[in-house]
Amino acid sequence: MTIEPPLDTPDDVSRREIIQVSLRTGPPTREELLAHYPAKFTWHQLKTFVNSGDLGLLKRNKALQKRYNAWSPGVVKEYGSLENYLINHRLQWGKPDTLSLLSSALTSDTRPKDVSISSSKSNQLLPPLPPDAPEYFKADIPFDSEFISIIQNDWPYSVPIEIEHTLIWSRVPIFHPDLIPAEVDTRIQQDGLCGFTGTDELPPSPSTLPECLPALAEWGITMEKLVRSPRGNPEIEDMVRNAGREIDGFVKRRWVEREWETAWFVNPPVSGSGYAASDAEHFQRIQSVRGLAHIHVFAKRKEYL
């Protein structure tokens with residue numbers, strides 16, 4: 001099979017190679033993503049979609065989505081539900097992510113070779129938060145806190161291979177009244193939160209979205225189908241940005257700005273992704289795991305920019 005260089009390729013994957021990559025089942029490897037699920041979006045398009053106000057524009061390769069749809073019923077059969085799979089197996093609270101087939105440059109050199117992984121197929125619920133738990137997700141929460149789980153997305157969106165797609169799952173709320181003024185609550189309930197780190201440049205303007213929509217043609221996305229709130233005045237926009245200040249601070253700690261550029265987002269409180277039942281349904285408002293929220297971080301090392 002001839003592997004075409006992915007979009008926005010770093011030097012180590014830009015040369016053409018002839019290699020045979022067999023298709024497995026379950027979450028894909030990096031080699032499978034390169035060979036069978038090429039990126040549909042560039043880094044610029046990804047940032048445009050994140051900043052557009054409609055997070056439903058972020059898609060998984062359709063062939064990879066089909067593979068996910070074939071995999072998930074077996075997980076439900078084995079664990080009882082995707083919620084049980086996540087809570088009792090995939091999310092190892094406070095521990096390094098040793099289960100992902102997609103490594104991160106932040107942890108690949110330091111990941112333990114042997115880590116005790118607890119796994120249960122029962123319907124155990126998350127234990128109640130202790131009295132000393134933070135009231136909400138904060139910028140200074142330790143990376144190994146028992147209240148969060150930082151993992152690679154086993155089913156990443158259709159982004160260039162050098163972009164890491166990380167999920168930060170949190171047992172403490174990400175959306176909290178102390179962070180969200182009443183003036184922007186309705187908007188955030190619909191649009192969620194997003195931000196960008198590691199660059200002094202402004203993110204792509206939502207006004208440039210029509211130039212990027214051809215990348216979404218196979219999903220039938222048009223400007224008329226977008227679900228997003230109108231932009232507010234400068235004061236309102238500052239309130240929206242400030243509502244994500246704790247997330248932004250955490251991302252800057254984890255992905256140091258001199259080395260990384262990131263785009264991050266959190267789905268609206270009533271929506272979900274990652275392990276949601278389906279990403280094919282545009283704007284499906286289903287929470288992946290009730291009582292848990294997660295942050296998506298797309299991170300690109302600056303040596304690849």
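In this chain, residues are counted from 1 in sequence order.
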**Request:** Report the C-alpha distance between S104 and E164 in whole Å, list the side-chain angles of each, state the deciding distance to 0.1 Å, and finish with yes or no for side chain to side chain donor-acceptor pair (under 3.5 Å).
**Result:** CA-CA 7 Å; S104 167; E164 297 187 5; 2.7 Å; yes

**Fill in**
Heavy-atom closest pair (L57 atom, L216 atom, distance to 0.1 Å) is O-CD2, 3.4 Å

**Request:** May I ask you to test the D154-R90 pair for a side-chain heavy-atom distance under 4.5 Å?
**Result:** yes

**Prompt:** Are any side-chain N or O atoms of T48 and backbone N or O atoms of H44, one a donor and one an acceptor, separated by less than 3.5 Å?
**Reply:** yes

**Nearest atoms (heavy-atom pairs only) where L58 meets L46** = CD2-CD1, 3.3 Å

**Atom pair CG (L101) and CD (E32), whose distance is rounded to the nearest 0.5 Å** = 8.5 Å

**Asked** How far does CD of E257 sit from CG of D200, to the nearest 0.5 angstrom?
**Response** 8.5 Å

**Item:** Donor-acceptor under 3.5 Å (S100 side chain, S103 main chain)
**Value:** no

**side chain to side chain contact (heavy atoms under 4.5 Å, CB included) evaluation trace for L33 with L102** = CA-CA 10 Å; L33 290 175; L102 304 172; 3.9 Å; yes

**Asked** How far apart are the C-alpha atoms of E162 and R301, what are their side-chain angles, what is the distance that settles it, and do they pass the salt bridge (Lys or Arg N to Asp or Glu O under 4.0 Å) test?
**Response** CA-CA 8 Å; E162 72 274 14; R301 296 192 75 167; over 6 Å; no

**Request:** Check the pair V159 / W43 against side chain to side chain contact (heavy atoms under 4.5 Å, CB included), numbers first and verdict last.
**Result:** CA-CA 7 Å; V159 299; W43 177 234; over 6 Å; no

**Message:** Within this structure, what is the CD-CG distance for the pair Q45 and L213, rounded to the nearest 0.5 Å?
**Reply:** 9.5 Å

**Asked** With a 4.0 Å cut-off, would you call K47 and E201 a salt bridge?
**Response** no

**Prompt:** Can you check whether S149 reaches H294 side chain to side chain, under 4.5 Å on heavy atoms?
**Reply:** no

**Item:** Heavy-atom side-chain contact between S52 and L226 under 4.5 Å
**Value:** no

**Prompt:** Is a donor on one side and an acceptor on the other found under 3.5 Å between the side chain of R253 and the backbone of F250?
**Reply:** no

**Item:** Sidechain-backbone polar pair: Q65 side chain, R60 backbone, donor-acceptor under 3.5 Å
**Value:** no

**Item:** Shortest non-hydrogen contact from H165 toward L167
**Value:** NE2-CD2, 4.0 Å

**Prompt:** Atom CD1 in I141, atom CD in E246: separation rounded to 0.5 Å?
**Reply:** 10.0 Å

**Request:** Using distance alone, with no hydrogens and no angle criterion, decide if S229 and Q190 have a side-chain donor and acceptor under 3.5 Å apart.
**Result:** yes

**Item:** Min side-chain heavy-atom separation I151-L99 under 4.5 Å
**Value:** no

**Message:** Please say yes or no: joined through hydrophobic side-chain contacts below 4.5 Å, possibly via intermediate residues, are L55 and M223 part of one cluster?
**Reply:** yes

**Prompt:** Within a reach of under 6.0 Å around CG of D132, are more than 12 heavy atoms found that belong to other residues, nucleotides or ligands?
**Reply:** yes

**Request:** Would you mind checking if E237 and R231 are paired as a salt bridge, meaning a charged N to carboxylate O distance below 4.0 Å?
**Result:** yes

**Message:** Using only atom types and a distance under 3.5 Å, with no angle test, would you say the side chain of K62 pairs donor to acceptor with the backbone of E218?
**Reply:** yes

**Request:** Give a yes-or-no answer on whether the side chains of E83 and S81 include a donor-acceptor pair shorter than 3.5 Å.
**Result:** no

**Complete:** Heavy-atom closest pair (S158 atom, P38 atom, distance to 0.1 Å) is OG-O, 3.6 Å

**Prompt:** Does a side-chain heavy-atom distance below 4.5 Å link V76 with P73?
**Reply:** no

**Message:** Quick check against the 3.5 Å criterion: does K302 have a side-chain atom that pairs as donor or acceptor with the backbone of E261?
**Reply:** no

**Prompt:** To the nearest 0.5 Å, how far apart are CG in D185 and CZ in F175?
**Reply:** 10.0 Å

**Complete:** Closest heavy-atom pair, I188 versus A243, reported as atoms and distance to 0.1 Å, is CD1-CB, 3.7 Å

**Prompt:** Does H36 reach the main-chain N or O of V21 with its side chain, forming a donor-acceptor pair under 3.5 Å?
**Reply:** yes

**Message:** Is there a salt bridge (Lys or Arg N to Asp or Glu O under 4.0 Å) between K225 and D54? Walk through the geometry before answering.
**Reply:** CA-CA 10 Å; K225 293 183 178 180; D54 187 343; over 6 Å; no

**Prompt:** Does Q152 offer a backbone N or O that forms a donor-acceptor pair with the side chain of D97 under 3.5 Å?
**Reply:** yes

**Message:** If you define the side chain from C-beta out and look only at heavy atoms, does anything of R254 sit under 4.5 Å from T166?
**Reply:** no

**Request:** Kindly assign one of parallel, tilted or perpendicular to the pair F298 and Y157, based on the angle between their ring planes and the thresholds 30° and 60°.
**Result:** tilted

**Item:** Any side-chain heavy-atom pair of W169 and I150 under 4.5 Å
**Value:** no

**Asked** Does the pair W93 and L126 meet the rule for a side chain to side chain contact (heavy atoms under 4.5 Å, CB included), with working shown?
**Response** CA-CA 11 Å; W93 302 103; L126 285 170; 3.6 Å; yes

**Asked** Should the pair W71 and W155 be assigned to parallel (<30°), tilted (30 to 60°) or perpendicular (>60°) ring geometry?
**Response** tilted

**Fill in**
Scanning both residues in full, the closest heavy-atom pair of P128 with R171 reads O-NH2, 3.8 Å

**Item:** Rounded distance [0.5 Å steps], OG1 in T262 versus CZ in F196
**Value:** 8.5 Å

**Prompt:** Taking 4.0 angstrom as the limit, do D248 and R241 come out as a salt bridge?
**Reply:** no

**Donor-acceptor under 3.5 Å (D144 side chain, K95 main chain)** = no

**Cation-pi check, K138 onto Y136 ring (under 6.0 Å, within 45° of axis)** = yes

**Prompt:** Taking the side chain as C-beta and beyond, is there a heavy-atom pair between V297 and F265 under 4.5 Å?
**Reply:** no

**Request:** Would you confirm whether E259, through its side chain, and V256, through its main-chain N or O, come within 3.5 Å as a donor-acceptor pair?
**Result:** no

**Request:** Could you tell me how the ring of F49 sits relative to the ring of F41: parallel (under 30°), tilted (30 to 60°) or perpendicular (over 60°)?
**Result:** perpendicular

**Request:** Step by step, work out the side chain to side chain contact (heavy atoms under 4.5 Å, CB included) result for V251 and W260.
**Result:** CA-CA 10 Å; V251 170; W260 296 87; over 6 Å; no

